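Read the structure below first, then the notes.
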Amino acid sequence: MTVAKDLSVYIHVPFCAVRCGYCDFNTYTATELGGGGSQREYPANAMREMDLTVAADAAEGYSYDQVSTVFFGGGTPTLLPATELVAMLTHLRSLIPLAPGAEVTTEANPDSVTPESFEQLAAGGITRVSIGMQSAIPSVLATLDRTHDPERIPKVVQWAREAGLDVSLDLIYGTPGETLTDVETSVRAALACGVDHLSAYSLIIEGNTAMARRLRRGEITPPDPDDMADKYELIDDLTGADGLSWYEVSNFARTPEHRSRHNLAYWQGKDWWGIGPGAHRHRDGRRSWNVKHPSRYAAQLAQQTLPVAESELVDAEARQMERIMLELRIIDGLDVAVVPQSQRPMLEVHRDRGHLEPEALAQGRAVLTRSGRLLADAVIRDLVL
């Protein structure tokens with residue numbers, strides 16, 4: 001039996017009250033679901049998948065000492081009653097112990113939480129909440145199809161902190177019609193809440209979303225790269241002035257202890273379970289992913305069958321490329337020995353262009369500068385091709 005020390009677990013809750021126009025995630029509104037895939041039936045299905053996953057791993061001679069991080073994502077996990085999120089966590093803990101000080105996060109929509117629900121979550125073992133603020137500007141929220149009142153955000157953060165939860169706020173920048181002043185207003189509003197973690201994601205208009213259809217009809221204009229760069233630099237300046245530092249291209253934390261350990265597990269290539277419709281899992285170089293629709297997911301579980309759609313063994317070359325793509329995005333950087341020999345001259349090219357920290361490179365690590373973060377995809381491309 002191979003016993004791994006740490007496991008991260010992602011639990012996908014695929015329900016939303018409203019489908020946001022920019023969202024490309026595997027999410028559904030209540031009216032779209034039936035056939036065993038409803039919100040009411042979901043917690044039992046997720047727990048059944050946990051049972052089957054433990055059994056499947058054991059049958060292959062694989063087990064875990066402990067779970068280090070858990071992340072309820074979506075969708076909107078907090079559309080489920082807090083007691084149901086806690087029940088799923090409790091069931092997981094009955095299968096594999098949580099590590100001492102384990103990080104347990106749930107995403108939350110500001111409209112779907114109360115002081116009481118936060119207290120229930122904290123009492124049940126959740127330690128951290130990631131709140132989808134997105135913007136403080138009503139017109140930007142409207143373009144994103146977000147329905148919450150931005151004035152509610154400080155109250156929600158206060159409720160979470162009073163319950164003893166660590167709090168992260170999520171922002172999106174680059175929404176059509178959003179100005180640099182709008183971004184500044186949003187970042188300052190987020191920082192005024194006193195949070196110790198901020199995520200700021202550039203808007204990407206995916207091809208099968210409602211926003212992409214609006215773009216094709218000419219109703220909105222695509223994000224401008226120079227404008228996006230100006231907004232990122234502004235975010236970096238404002239967070240830095242408030243005492244937060246970047247540790248991944250889109251993520252800022254007040255101290256290393258406030259970083260998202262769950263997301264770091266992804267970026268560092270560790271093992272994780274993915275529970276829920278469409279969720280992915282990774283174990284020792286093997287990756288698999290579940291069927292996407294909640295009804296199909298539930299039907300397979302009802303047959304005591306893991307709802308896996310496909311799987312693949314990631315070969316050494318692909319793992320090397322993925323390691324470059326992921327580790328170069330974090331502040332610890334990348335061991336230059338991972339870069340293919342043929343591409344190592346590009347390390348010096350990007351150092352000379354100001355994209356890589358010279359001192360770190362001299363010590364054998366590739367670490368992005370701020371200008372390098374703006375061009376991270378291009379730097380990565382040069383190191384893997």
Side-chain angles (χ1 to χ4, degrees), residues 4 6-16 25-28 33 36-60 62-64 66-99 102-108 121 124-128 130 260-263 265-266 270-284 286-311:
D6 290 321
L7 175 70
S8 289
V9 177
Y10 173 75
I11 302 173
H12 185 65
V13 181
F15 310 113
C16 284
F25 296 152
N26 186 38
T27 62
Y28 304 84
L33 296 172
S38 69
Q39 290 180 206
R40 180 180 57 82
E41 295 162 293
Y42 178 75
N45 288 331
M47 289 186 277
R48 185 175 298 119
E49 185 185 359
M50 294 177 199
D51 293 338
L52 293 172
T53 302
V54 165
D57 280 354
E60 295 180 8
Y62 216 87
S63 67
Y64 297 91
Q66 61 185 18
V67 173
S68 295
T69 69
V70 182
F71 195 103
F72 291 92
T76 307
T78 46
L79 278 183
L80 298 180
T83 52
E84 294 186 357
L85 296 180
V86 170
M88 286 187 277
L89 178 63
T90 301
H91 188 74
L92 173 65
R93 189 163 41 202
S94 74
L95 300 173
I96 308 173
L98 289 188
E103 176 192 270
V104 184
T105 303
T106 183
E107 293 182 332
L121 291 170
I126 280 76
T127 65
R128 185 175 181 274
S130 179
S260 169
R261 285 186 273 145
H262 185 86
N263 286 338
Y266 295 146
K270 296 183 179 179
D271 288 345
W272 73 87
W273 282 2
I275 300 296
H280 288 230
R281 64 176 58 86
H282 175 267
R283 190 194 70 199
D284 196 27
R286 179 169 292 280
R287 185 163 45 216
S288 61
W289 49 98
N290 286 344
V291 297
K292 294 184 71 172
H293 198 280
S295 296
R296 286 189 59 206
Y297 169 80
Q300 290 193 221
L301 288 168
Q303 299 298 317
Q304 296 297 309
T305 302
L306 274 174
V308 174
E310 294 185 63
S311 66

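Sequential numbering from 1 along the given sequence is applied to the chain's residues. The structure presented is a predicted model; accordingly, all values stated were derived computationally and were not measured.
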In Å, rounded to the nearest 0.5 Å, how long is the span from OG of Ser311 to CG of Asn290?
11.0 Å

Would you say the side-chain atoms of Thr127 pair up with the backbone N or O of Val104, donor to acceptor, closer than 3.5 Å?
yes

Would the distance check show the side chain of Glu103 and the main-chain N or O of Arg128 forming a donor-acceptor pair, the cut-off being under 3.5 Å?
no

Taking atom NE2 of His12 and atom CD1 of Ile275, what is their separation to the nearest 0.5 Å?
12.5 Å

Atom pair CG/CD of Leu306 and Gln300 - distance to nearest 0.5 Å
9.0 Å

Looking only at heavy atoms, which two atoms of Arg261 and Ser68 are closest? And how far apart?
NH1-O, 4.2 Å

Only one of Phe71, Tyr266, Tyr10 clears ring-ring contact (aromatic ring centres under 6.0 Å, His included) with Trp272; which?
Tyr266

Return the orientation label for the Trp273 and Tyr64 ring planes: parallel under 30°, perpendicular over 60°, tilted otherwise.
perpendicular

State the CZ-CG distance between Arg40 and Asn45, to the nearest 0.5 angstrom.
10.0 Å

Side chain proximity check, Asp6 to Gln66, heavy atoms < 4.5 angstrom:
yes

Would a 4.5 Å heavy-atom cut-off, applied to side chains only, mark Glu49 and Pro307 as touching?
yes

Heavy atoms of Pro14 and Tyr42 approach each other most closely as CD-CE1, 4.1 Å

Hey, is the main chain of Leu79 close enough, under 3.5 Å, to the side chain of Thr76 for a donor-acceptor pair?
no

Heavy-atom pair with the smallest gap, counting every atom of Gly75 and Glu107
O-OE1, 4.1 Å

Do Leu80 and Phe72 come close enough that some side-chain heavy atom pair is under 4.5 Å?
no

Once the angle between the rings of Trp289 and His280 is folded into 0 to 90°, is it parallel (under 30°), tilted (30 to 60°) or perpendicular (over 60°)?
parallel

4.5 Å side-chain heavy-atom contact, Ile11 and Leu85:
no

For Pro77 and Thr106, work out which heavy atoms get closest and say how close.
CB-OG1, 3.4 Å

Of all the heavy-atom pairs spanning Glu84 and Pro43, show the shortest one and how long it is.
OE1-CG, 3.2 Å

Side-chain ion pair, Arg283 and Asp57, N-O less than 4.0 Å
yes

Looking at NE2 of His91 and CG of Asp51, how far apart are the two atoms once the value is rounded to the nearest 0.5 Å?
3.5 Å

Considering all heavy atoms, the nearest Tyr297-Ala46 contact
OH-CA, 3.6 Å

Step by step, work out the side-chain hydrogen bond (donor to acceptor under 3.5 Å, both in side chains) result for Thr69 and Ser8.
CA-CA 5 Å; Thr69 69; Ser8 289; 2.6 Å; yes

Let me confirm one number: the NE2-NZ distance from His282 to Lys270, rounded to the nearest 0.5 Å.
13.0 Å

Counting C-beta onward and ignoring hydrogens, is there a side-chain heavy-atom pair between Arg286 and Arg281 closer than 4.5 Å?
no

